[in-house]
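Everything on this sheet refers to the single structure shown next.
Note that the structure is a prediction, hence the values are computed from the model and not measured. Convention: sequence-line order gives letters A, B, ...; per-chain numbering from 1. Just so it is clear, the values below take in all heavy atoms, side chains as well, and ignore hydrogens, waters and symmetry mates.
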Number of protein chains: 2
Amino acid sequence: MSIRYAILGFLSWKPFTGYELKKLFADALSFHWSGNSNQVYGALIELHKAGAVGVEVLQQEKLPARKVYTITEAGRAELRAWLLSEPELPSIRSMARVQLAWADCLSDAELGGLLSSYEGQLEAQAIMCREAARRGPLRPARSPREELIWNCVEEANLAFYEGELRWVRELGSRLATLGGAGGEGSGGS
Amino acid sequence: MSIRYAILGFLSWKPFTGYELKKLFADALSFHWSGNSNQVYGALIELHKAGAVGVEVLQQEKLPARKVYTITEAGRAELRAWLLSEPELPSIRSMARVQLAWADCLSDAELGGLLSSYEGQLEAQAIMCREAARRGPLRPARSPREELIWNCVEEANLAFYEGELRWVRELGSRLATLGGAGGEGSGGS
DNA sequence: CAAAGCATGTAAGCAGTTACATGATTGT
DNA sequence: ACAATCATGTAACTGCTTACATGCTTTG
């Protein structure tokens, strides 16, 4: 469960309940986790069993109990050890690119439709990123360094979508010059 | 099993055995599949049950039988339908960014180490992409259009790693100016 | 003689997803 | 009245990964 370190990260900032963490994940677009209960609550239970976090159960009158999780020294050590370990390369899987790779059985118009559909998705996503950045800071800023890093991570996330957007537009115009000049693709249905 | 469309794509090019497809996936870096037997052979069996591919079993004297898979009309139709469906946004999960986001408990030197380790990984990956592109064409080029698209997809893949590389270097120098000027992060272990 | 390639497949497991179950409270 | 928020958790599933099992052949 690789989300465990992300959870430890949040808890190294301050204590949270599962519910809060869930929302944090759902809102932190640059982290790309859906924030589903199964994973968050499950990971918290495991982290607790492993002694990486402690729980304080606050009974409430009418609502279910709040379980506030706090990172332990062992948890801090585990997080630190992970931070010092070799980073993995990001894993990207772009079905859109796979679609494009095999799109030669589409007509020029259909291929154009695929491109602009992808473009639309990317635009929407870029807007969401900007919006999230503007609404901003549900994030730690314990030092100027940390603030800088979070800004950069957010920027990198946005930059990815913007880069992809530039790419798909470039591809569109390159295809246009191809079609306009010489042969007619491999034709339609 | 989302790899099924990628398999149908390859088979829309020409017939292949499971073993060949496996290698194709392992070599096609821009597709980002490990090319493990489990998935490929399993998907082929399912595609066959669904009538999307046909098999011809060629007995060999001393080696195991070669099962050559061919796409059917139904398979072509399924592929086409997928190509015309809404593309999904690419899913990226970058553990390195998560590490950076929580790296404030590291010293400046440790953080620098993390950055350059990531940088090294990215450089290596970029080299592999360039190398694969140079060795090149284990790919269809049924039309100038298809060739253009495959080139662009390959370029986009490389561009991602190069962009990430630029980003991590930029982050490094921004952190340097921070540290050089004012306060000393939040200090080490 | 060991390693890599050919060629098929299975087993076990990890990380993630959606959707569901419960139930009170607050907002529109 | 209906929906959203608070708060916990479970069930079922998908897609992917590594490692293993078998066994013969070619290359170093």
Side-chain angles (χ1 to χ4, degrees), chain A residues 1-8 15-29 31-50 53 55-69 82 88-95 98 138, chain B residues 1-8 15-29 31-50 53 55-69 82 88-95 98 138:
Chain A
M1 216 165 272
S2 114
I3 204 180
R4 62 188 278 125
Y5 298 109
I7 290 177
L8 283 178
F16 286 107
T17 66
Y19 185 75
E20 286 165 333
L21 285 167
K22 203 168 95 108
K23 276 196 300 178
L24 246 21
F25 279 113
D27 291 350
L29 297 190
F31 279 10
H32 299 278
W33 266 290
S34 73
N36 65 94
S37 345
N38 203 342
Q39 223 183 344
V40 174
Y41 289 118
L44 281 170
I45 288 166
E46 274 178 39
L47 284 167
H48 186 231
K49 271 198 287 197
V53 301
V55 204
E56 194 188 357
V57 183
L58 304 177
Q59 291 300 336
Q60 297 177 113
E61 300 220 346
K62 312 224 161 167
L63 288 167
R66 282 168 58 88
K67 297 191 178 176
V68 181
Y69 289 90
W82 177 66
E88 313 158 39
L89 285 170
S91 76
I92 29 170
R93 177 154 297 134
S94 169
M95 282 302 164
V98 177
L138 32 60
Chain B
M1 219 166 266
S2 114
I3 203 180
R4 61 187 278 123
Y5 296 110
I7 291 179
L8 283 179
F16 286 107
T17 66
Y19 186 73
E20 286 166 331
L21 284 167
K22 206 170 91 108
K23 275 195 302 178
L24 246 19
F25 279 113
D27 291 351
L29 298 190
F31 281 9
H32 300 278
W33 265 290
S34 73
N36 65 95
S37 346
N38 201 342
Q39 223 185 343
V40 174
Y41 289 117
L44 281 170
I45 288 165
E46 275 178 38
L47 284 168
H48 186 231
K49 272 197 286 195
V53 301
V55 203
E56 195 188 357
V57 183
L58 304 176
Q59 291 301 337
Q60 296 178 117
E61 298 218 349
K62 314 223 162 169
L63 288 168
R66 281 168 56 87
K67 297 191 179 176
V68 181
Y69 289 91
W82 177 65
E88 314 158 37
L89 285 170
S91 76
I92 31 172
R93 178 155 298 132
S94 170
M95 282 301 167
V98 177
L138 32 57

Among all residues two or more places apart in sequence or in another chain, which pass the side-chain contact (heavy atoms from CB on, under 4.5 Å) test with A/Pro64?
-> none

Does any non-hydrogen side-chain atom of B/Leu44 lie less than 4.5 Å from one of B/Val55?
-> no

How long is the line joining CD of B/Glu88 and P of C/dT18, in whole Å?
-> 12 Å

Rounded to the Å, how far apart are B/His48 NE2 and C/dT8 P?
-> 14 Å

Let me know the distance between CD of A/Glu20 and P of D/dT8, rounded to the nearest Å.
-> 8 Å

So CZ of A/Phe16 and OH of A/Tyr69: to nearest 0.5 Å the spacing works out to 14.5 Å

For B/Arg66, the side chain to side chain donor-acceptor pair (under 3.5 Å) test, sequence neighbours excluded, returns none

B/Arg4 near the nucleic acid: base, sugar-phosphate alone, or nothing, with a heavy-atom cut-off under 4.0 Å?
-> nothing

Rounded interatomic separation in angstrom, taking CZ from B/Phe25 and P from D/dC16 = 9 Å

Phosphate OP1/OP2 of D/dT17: any B/Ser34 side-chain N/O under 4.0 Å = yes

Listed by chain and number, what are the side-chain contact (heavy atoms from CB on, under 4.5 Å) partners of A/Ala43, not counting sequence neighbours?
-> A/Met1, A/Ile3, A/Ile7

The complete set of side-chain hydrogen bond (donor to acceptor under 3.5 Å, both in side chains) pairs with one or both residues in residues 16-26 of chain A, sequence neighbours excluded, reads A/Thr17-A/Glu20

Report the residue (B/Gly18 or B/Arg93) whose heavy-atom-nearest nucleotide on DNA chain C is the more 5′ of the two.
-> B/Gly18

Between the protein and nucleotides 25-27 of chain D, list every N/O to N/O distance that falls short of 3.5 Å.
none

Between D/dC6 (P) and A/Leu24 (CG): distance, integer Å | 13 Å

Return the value, rounded to whole Å, for the distance between atom NZ of B/Lys23 and atom P of C/dT8.
-> 11 Å

May I have all residue pairs that pass side-chain hydrogen bond (donor to acceptor under 3.5 Å, both in side chains) and include part of residues 37-48 of chain A, sequence neighbours excluded?
-> A/Asn36-A/Gln39

Which residues pass the side-chain contact (heavy atoms from CB on, under 4.5 Å) test with A/Ala65, sequence neighbours left out?
-> A/Val57, A/Gln59

Once you round it to whole Å, what is the distance between P of D/dA7 and CD of A/Gln59?
-> 13 Å

Presence of A/Thr17 side-chain N/O under 4.0 Å of D/dT8 phosphate oxygens OP1/OP2 | yes

Distance check: side-chain N/O of B/Tyr19 vs OP1/OP2 of C/dC6, anything under 4.0 Å?
-> yes

For D/dA7, take OP1 and OP2 only and decide whether either is under 4.0 Å from a side-chain N or O of A/Gln60.
-> yes

Length of the line joining B/Arg66:CZ and D/dG23:P, which is rounded to integer Å | 21 Å

Just jot down the side-chain contact (heavy atoms from CB on, under 4.5 Å) partners of B/Ser91, sequence neighbours excluded, or say none.
-> A/Arg93

Atom pairs under 3.5 Å: protein N/O with N/O of nucleotides 9-12 of chain D:
from   : atom 1 : to      : atom 2 : distance (Å)
D/dG9  : OP1    : A/Lys67 : NZ     : 2.3
D/dG9  : O6     : A/Ser37 : OG     : 3.1
D/dA11 : N6     : A/Asn38 : ND2    : 2.1
D/dA12 : N6     : A/Asn38 : ND2    : 3.2

